[in-house]
Chemist: 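Please see the structure below; I have some questions.
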Amino acid sequence: MINTLIWIFCILIPILLTWKKAAWSKKLLSVGSAAITAMQVMALSILLVTNQFGINKTEGYLSNRDLDKVSSDENVVIFILDTFDQEYFDAIYENEPEFLEPLDGFTYFSNATGMYSTTQGSLPYIMTGQIYRNEQPYSDYIKEAFETVDIYRKLKQAGFEIILYTDRMFVYDSADSPLISNYERTELEPSSTIGLFSTLHKFTMFRYFPHLLKKYVWLYSGEFDQWKQAKNVEENLSPQQNDNEIYYNTLRDKGLQIVDDRKVYKLIHLKGVHLPYTLNRDVETVTDNSADSYSVSIASLKIVYEYIEQSKGLGVYDKTTFVIMADHGEVCGNPTSPILLVKRQDERGELKVSNAPVCQADIIPTIMNDVNLGDRAQYGRSLYEYTEGEERDRRYYYYNLAWGSNNDYLPDLVEYRIDSESNDTSAYHLIDYPVYDYQLGDKISFADSRTSHTYCVTGFVNAEEIFTWSMSTKGKMAFKIGEFSSNTLTVLMNISHLLTQPQKMIISVGDNIVYDKTITKAGTIEFGIRKEYVQDGILELDFQFPNAISPYELGISGDIRTLAVGFSDMTIEESNLTELELTALAQGISLYNLGTKIEFSTNENHTDVFTAGISGAEENFTWSLGTEGEIKLAVGEVSAPLEAEISVAGTIDGNQIISISAQGETLYEATLPRGASKIQFRIPKEAVVDGILTLDLSYPNAISPQSINPDSTDTRVLSVRFSDMIITEQAEKEDQ
C-alpha cells in the first residue's frame with residue numbers, strides 16, 4: 001500500500017504542478033530531470049570504470065553434450081524437479097493413484113527431508129554431500145566441495161561419463177583434470193540481443209513497478225537461459241536450460257541414443273514445479289491462468305515417464321539406477337520436504353512407500369552402493385538401510401533470498417532439528433537462528449519481505465503486495481530490543497486478511513500466553529508483555545494458528561500453503577499497563593467502565609464484547625448467532641452487586657427464550673416478544689472473578705430465516721436482536 005501511494009504521489013505531483021504553476025513547474029521539472037540524468041550518467045561511468053568486463057566469460061558452461069546418451073552397460077539417472085514438494089506428490093497419490101503406475105520398481109520415501117530451502121544451498125549439497133554454513137564465500141565452497149568429494153573421480157575411473165545438466169554456478173570442474181564431460185570452456189554470447197533485452201526490460205519492470213502491478217510482469221530467473229549460446233562452437237551444443245517443455249519436446253523428438261563404449265552418470269535439473277506455473281498436465285504452455293501446482297506436477301512426472309518409457313524400449317531400464325527428487329520443497333517461509341523416489345538396478349514391481357527417516361545425505365551412498373563403487377564404511381548407509389520408526393538426527397537449514405544477501409554468502413541460516421517419526425512441519429524444531437535489532441516504537445511493514453522477515457524466524461511466507469500470510473500452525477518472531485525503562489510493552493498488530501473465519505490465534509512469550517482469542521474480522525489486535533518476559537534484551541513471540549488450512553484443502557485453488565492470518569504491520573512500544581489491562585488484552589476482552597452504554601449497531605459497533613455467539617452489526621442492532629453466546633468484560637474489582645440492562649430490538653419469531661447466567665448461576669430467563677423489549681437483571685459481585693465478568697447466554701429456540709421462509713437464503717441461526725447494554729454498580733441494600 002505504501003509503495004502504491006508513493007507511486008501515485010510521484011505521478012500526481014508533476015501533473016498538479018504543471019496545472020497550477022506552469023512556468024515555475026516547467027523549470028523545476030527540467031532541473032529535476034537533468035539532476036536525475038546526471039546521477040544515472042555518474043553511476044554508469046563508475047560501473048564502466050570499476051566493472052571488470054570480460055572476466056568469467058570463458059569460465060565455461062554446462063552444455064547439452066551427450067544429454068541423449070544412455071549406456072548399454074550401466075546408467076545412473078537423477079532427475080531433479082525443482083520445488084516438487086511432497087504435498088504435491090501426495091495429492092496425486094490420493095487423487096490419481098493410477099497415474100503413478102509407470103513408476104515401476106520405485107520406492108517413494110515419504111519421510112524424506114531436504115537440507116536447504118532453495119536451490120543455491122540444495123543442489124551443491126545433493127551433488128557433493130558437503131554442507132555449507134556461510135563459513136566461507138559461496139564460490140570457494142563450491143570449488144572446495146567438488147575438489148573434496150571423490151565420487152566423480154571414482155565414477156570416471158569406473159568408466160562412467162559424467163553429465164551434470166544444471167547451472168554452472170553450482171558446479172566446479174578442474175581444467176587440469178576435467179571430470180564432467182558437458183563442462184564446456186567456451187565463451188558465451190546472446191543468441192538474440194532483442195530477446196535478451198526484452199527479458200531485461202521485463203526484469204526492470206518487475207523491479208520498479210508498484211507492488212500491485214508486479215504480478216503482471218513476474219518472471220523466473222531461468223528465463224535468461226534461453227538467450228545463451230556458445231561462441232565459435234562447431235558442434236551442435238547449447239547451454240543448459242532447465243525449461244520443462246523444451247527438454248520434453250527435445251526428448252520426444254530426438255529420443256535417447258545407446259552408446260556401448262561407456263557407462264553414463266547423468267543429473268538433469270529441470271524447472272519442475274517452480275513458479276510461475278505455465279504448464280498444463282500435457283506439458284503444454286497455457287496462458288489462461290489454468291496452470292497450477294497440480295498440473296505442473298503432473299507435467300513434470302510425464303517428462304520422467306517419457307524417459308522411463310524410452311529406457312525400457314532400448315532395453316536399459318534394468319541397468320539403470322533412477323532417482324526422482326526435488327532440490328527443495330515449496331518455499332513458503334516454513335520447512336517443507338522435497339520428493340524422493342528411487343529405483344535400483346534390476347528392481348521391478350508396484351510403487352512401494354517407505355516411511356523410514358531418510359534425507360538427501362543418503363542419496364550418494366545409495367548410488368555408490370548400487371553401482372558397486374562404495375559401501376557403508378566409505379559413504380554411510382543407503383536409503384534402503386533405514387527402517388521405519390528408527391531414531392535419527394536430521395538437520396535442515398532455512399533461509400530466504402528475500403532477506404537479502406551479497407554474492408559471496410547466502411542469507412543468514414535458520415537451523416532445525418527434525419524428528420524421526422515424520423517430516424511435517426510439527427517435526428521441525430528450531431536450534432539456531434539470528435536475532436536482529438529493533439527500535440521500540442518503529443513500525444514494521446509486512447508489505448516488505450526484507451523488512452518483515454528480519455524478525456520472522458519461521459512460520460511466515462514472503463510478502464504479498466500489502467501483507468504477509470502466516471504459514472503453518474506455528475510461527476515465531478524474535479526482536480533484539482535491549483534494555484527499556486517501562487514495566488510493560490504493548491504490541492499492536494494490524495490484521496488485513498483471514499483465510500477463513502474464524503481464526504484462533506495464540507501468542508506466547510516463553511510459557512506465558514499473552515494473547516488468546518478467536519478472530520472473526522480484520523482489524524487491530526493489541527496485547528501486553530510484562531518486562532520480566534524479555535530475557536537478555538531478546539523478545540520472542542511464539543504463534544499458534546490451530547485453524548490454519550490450505551486453499552487447496554478448501555477447494556479454492558491449488559495453493560498447498562497452510563495459511564491463517566495476513567499481517568499488514570506491527571509496532572512494539574513501551575507502556576505501563578495495569579494487571580487488569582494485561583489480563584484483558586491477553587484474552588482479547590474489552591475494558592469496560594461501569595455506567596457506559598454499549599451500542600450494537602453499525603454506527604457504534606461494540607460487538608467485540610461478545611466473545612462468541614454474535615453476528616455482524618447492522619444499522620440499529622446486531623443479531624445473536626447460534627444457540628449459545630458469551631459476553632466478557634474487564635470491569636475491575638467491584639464492592640457491590642451490578643445491575644444490567646439490555647435493550648432488545650426484537651426477536652426472530654416472538655417465541656424466543658433467552659437465559660443468562662454467570663459462574664453457573666442463572667441470572668435471567670424469559671420468553672421475549674417479537675417486538676422491542678428490555679432485559680434487566682442483577683449480577684452478584686461474586687460473579688466478577690479477577691476483575692473479569694463473564695455472562696453466558698443461551699437461546700434454545702434459535703432458528704434460521706430459511707427455516708421460517710424457504711425462499712430465504714439466510715441460513716444463520718438467529719434469536720435476539722441486541723440494540724445496547726449498560727451495567728452499573730449498585731449499593732447493597734441493608735437487611736430490614
Side-chain angles (χ1 to χ4, degrees), residues 73-81 84 86 89-90 93 97 100-115 122 125-129 131 149-152 154-155 158 160 263-268 301 304 307-308 311-312 316-329 337-396 418-424 427:
D73 184 4
E74 192 172 18
N75 300 275
V76 175
V77 178
I78 306 170
F79 273 98
I80 297 183
L81 306 175
F84 202 139
Q86 282 189 17
F89 189 87
D90 291 342
Y93 192 92
L100 303 176
E101 289 177 2
L103 295 171
D104 183 8
F106 278 84
T107 298
Y108 170 46
F109 293 93
S110 59
N111 188 7
T113 58
M115 181 60 83
S122 299
Y125 177 76
I126 291 167
M127 292 188 288
T128 67
I131 299 175
V149 73
D150 68 347
I151 62 169
Y152 297 110
K154 279 195 172 184
L155 288 165
F160 279 90
K263 303 173 184 180
V264 173
Y265 178 99
K266 191 186 304 182
L267 181 145
I268 303 169
L301 288 175
V304 180
Y307 197 104
I308 288 174
S311 295
K312 287 182 175 181
V316 299
Y317 188 71
D318 292 324
K319 301 176 182 180
T320 303
T321 304
F322 269 104
V323 179
I324 305 170
M325 63 181 299
D327 49 350
H328 56 83
S337 296
I339 60 164
L340 178 58
L341 300 98
V342 179
K343 184 200 80 71
R344 294 174 291 190
Q345 296 179 28
D346 296 314
E347 201 160 15
R348 291 288 188 121
E350 292 184 358
L351 176 67
K352 303 181 185 70
V353 179
S354 169
N355 196 48
V358 300
C359 62
Q360 291 176 341
D362 310 323
I363 295 169
I364 289 176
T366 303
I367 292 170
M368 298 303 280
N369 179 269
D370 204 36
V371 298
N372 298 311
L373 290 178
D375 57 21
R376 180 172 178 173
Q378 292 172 285
Y379 296 104
R381 297 161 66 182
S382 80
L383 292 159
Y384 296 89
E385 294 181 77
Y386 290 94
T387 58
E388 297 186 13
E390 181 176 346
E391 287 295 321
R392 189 179 184 193
D393 187 24
R394 297 178 289 179
R395 289 291 190 269
Y396 175 78
I418 310 166
D419 290 338
S420 301
E421 292 78 14
S422 71
N423 59 2
D424 63 27

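Residues: numbered from 1 along the sequence shown.
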Chemist: On a heavy-atom basis, which atom in T387 and which in A356 lie closest, and how many Å separate them?
Modeler: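 What the structure gives for the nearest pair is C-CB, 3.8 Å.
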
Chemist: Enter the distance from T321:OG1 to Y265:OH here, rounded to the nearest 0.5 Å.
Modeler: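 Output value for this atom pair is 10.0 Å.
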
Chemist: Can you tell me how far apart CD (E347) and CG (D318) are? Round to the nearest 0.5 Å.
Modeler: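 Interatomic distance, E347 CD to D318 CG, rounded to 0.5 Å: 10.5 Å.
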
Chemist: R376 side chain to G380 main-chain N or O, any donor-acceptor pair under 3.5 Å?
Modeler: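 Side chain of R376 to backbone of G380, a donor-acceptor pair under 3.5 Å: no, none is there.
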
Chemist: Apply side chain to side chain donor-acceptor pair (under 3.5 Å) to the pair N111 and Y386, showing each step before the final yes or no.
Modeler: CA-CA 11 Å; N111 188 7; Y386 290 94; over 6 Å; no

Chemist: List for me each residue that meets salt bridge (Lys or Arg N to Asp or Glu O under 4.0 Å) alongside K263, sequence neighbours excluded, and say none if there are none.
Modeler: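 Per chain and number, K263 pairs via salt bridge (Lys or Arg N to Asp or Glu O under 4.0 Å) with E74.
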
Chemist: Is there any side-chain hydrogen bond (donor to acceptor under 3.5 Å, both in side chains) pair reaching into residues 354-367, and which pairs are they, with sequence neighbours excluded?
Modeler: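 Qualifying pairs: S110-N355, D362-R392.
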
Chemist: Could you note down all residue pairs passing ring pair (Phe, Tyr, Trp, His ring centres under 6.0 Å) where residues 354-385 supplies at least one of them, sequence neighbours left out?
Modeler: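 Qualifying pairs: F109-Y384.
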
Chemist: Would you say L340 and I363 make side-chain contact, with heavy atoms under 4.5 Å?
Modeler: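 They are in side-chain contact.
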
Chemist: Let me confirm one number: the CG-CG distance from L351 to L103, rounded to the nearest 0.5 Å.
Modeler: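 The distance works out to 5.5 Å.
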
Chemist: So which heavy atom on Y93 is nearest to which on V353, and how close?
Modeler: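 Smallest heavy-atom distance, with atoms named: OH-CG2, 3.8 Å.
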
Chemist: Of V323, I324, V342, I268, which is the lone residue that meets side chain to side chain contact (heavy atoms under 4.5 Å, CB included) with I78?
Modeler: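 Output: one option passes, namely V323.
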
Chemist: For Q345, is there any backbone N or O sitting under 3.5 Å from a side-chain donor or acceptor partner on D370?
Modeler: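 Yes, because the side chain of D370 sits within donor-acceptor range (under 3.5 Å) of the backbone of Q345.
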
Chemist: Using side-chain contact (heavy atoms from CB on, under 4.5 Å), reason through D104 and I308 one step at a time and then give a plain yes or no.
Modeler: CA-CA 9 Å; D104 183 8; I308 288 174; 5.9 Å; no

Chemist: Looking at every heavy atom in both I367 and V76, which two are closest together, and how far apart are they?
Modeler: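 Heavy atoms only, the tightest pair is CG2-CG1, 3.9 Å.
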
Chemist: With no hydrogens and no angle check, do the side chains of Y307 and K312 hold a donor and an acceptor under 3.5 Å apart?
Modeler: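 K312 and Y307 do not have a side-chain donor-acceptor pair below 3.5 Å.
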
Chemist: Take F89 and L341 through the test side-chain contact (heavy atoms from CB on, under 4.5 Å) and record every step on the way to the result.
Modeler: CA-CA 11 Å; F89 189 87; L341 300 98; 3.6 Å; yes

Chemist: Kindly state whether the ring of F322 and the ring of Y317 have centres lying under 6.0 angstrom apart.
Modeler: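 That pair passes the under 6.0 Å test.
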
Chemist: Short question: side chain of D419, backbone of S422 - any donor-acceptor pair under 3.5 Å?
Modeler: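 Side chain of D419 to backbone of S422, a donor-acceptor pair under 3.5 Å: no, none is there.
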
Chemist: Please confirm whether the backbone N or O of T128 pairs with a side-chain atom of Y152, one donor and one acceptor, at under 3.5 Å?
Modeler: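 No, Y152 side chain to T128 backbone: no donor-acceptor pair under 3.5 Å.
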
Chemist: Can a donor-acceptor pair be found, under 3.5 Å and without considering hydrogens, that links the side chain of K343 to the backbone of T320?
Modeler: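 The answer is yes, because a donor-acceptor pair under 3.5 Å joins these two groups.
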
Chemist: Would you give the length of the straight line joining atom CG of N369 to atom CG of L383, rounded to the nearest 0.5 angstrom?
Modeler: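 Answer for the CG-CG pair, N369 versus L383, is 10.5 Å.
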
Chemist: Sequence neighbours excluded, which residues qualify as side-chain contact (heavy atoms from CB on, under 4.5 Å) partners of E391?
Modeler: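 E391 satisfies side-chain contact (heavy atoms from CB on, under 4.5 Å) with S420, E421 once adjacent residues are dropped.
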
Chemist: Please determine whether a side-chain nitrogen of the Lys or Arg among D346 and K319 lies less than 4.0 Å from a carboxylate oxygen of the Asp or Glu.
Modeler: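 Not counted as a salt bridge, because no side-chain N and carboxylate O are separated by less than 4.0 Å.
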
Chemist: Do the side chain of Q86 and the main chain of P338 share a donor and acceptor less than 3.5 angstrom apart?
Modeler: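 Flag set: sc Q86 to bb P338 pair under 3.5 Å.
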
Chemist: Roughly how far, to the nearest 0.5 Å, is the OH atom of Y396 from the CE atom of M115?
Modeler: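 Rounded to the nearest 0.5 Å, the CE-OH separation comes out at 11.0 Å.
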
Chemist: Are V316 and S311 packed together at the side-chain level, in the sense that at least one heavy-atom pair is separated by less than 4.5 angstrom?
Modeler: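 Side chain of V316 against side chain of S311, heavy atoms only: contact under 4.5 Å found.
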
Chemist: Between atom CG of L267 and atom CE of M325, what is the distance when rounded to the nearest 0.5 Å?
Modeler: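 The CE atom of M325 is 8.5 Å from CG of L267, to the nearest 0.5 Å.
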
Chemist: Suppose we screen for salt bridge (Lys or Arg N to Asp or Glu O under 4.0 Å). Which residues come up paired with E388, at least two apart in sequence or across chains?
Modeler: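 Here no residue qualifies.
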
Chemist: Are the side chains of D73 and F160 in contact, using a 4.5 Å heavy-atom criterion?
Modeler: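 When only atoms from C-beta onward are counted, D73 and F160 do not touch, as no gap falls below 4.5 Å.
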
Chemist: Below 4.5 Å, heavy atoms only, C-beta onward: do P365 and R381 meet side chain to side chain?
Modeler: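 SC-SC contact between P365 and R381 ruled out.
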
Chemist: Under the side-chain contact (heavy atoms from CB on, under 4.5 Å) rule, collect the residues that match up with D393, sequence neighbours excluded.
Modeler: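 Scan of D393 (side-chain contact (heavy atoms from CB on, under 4.5 Å), adjacent residues dropped) gives R395, R417.
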
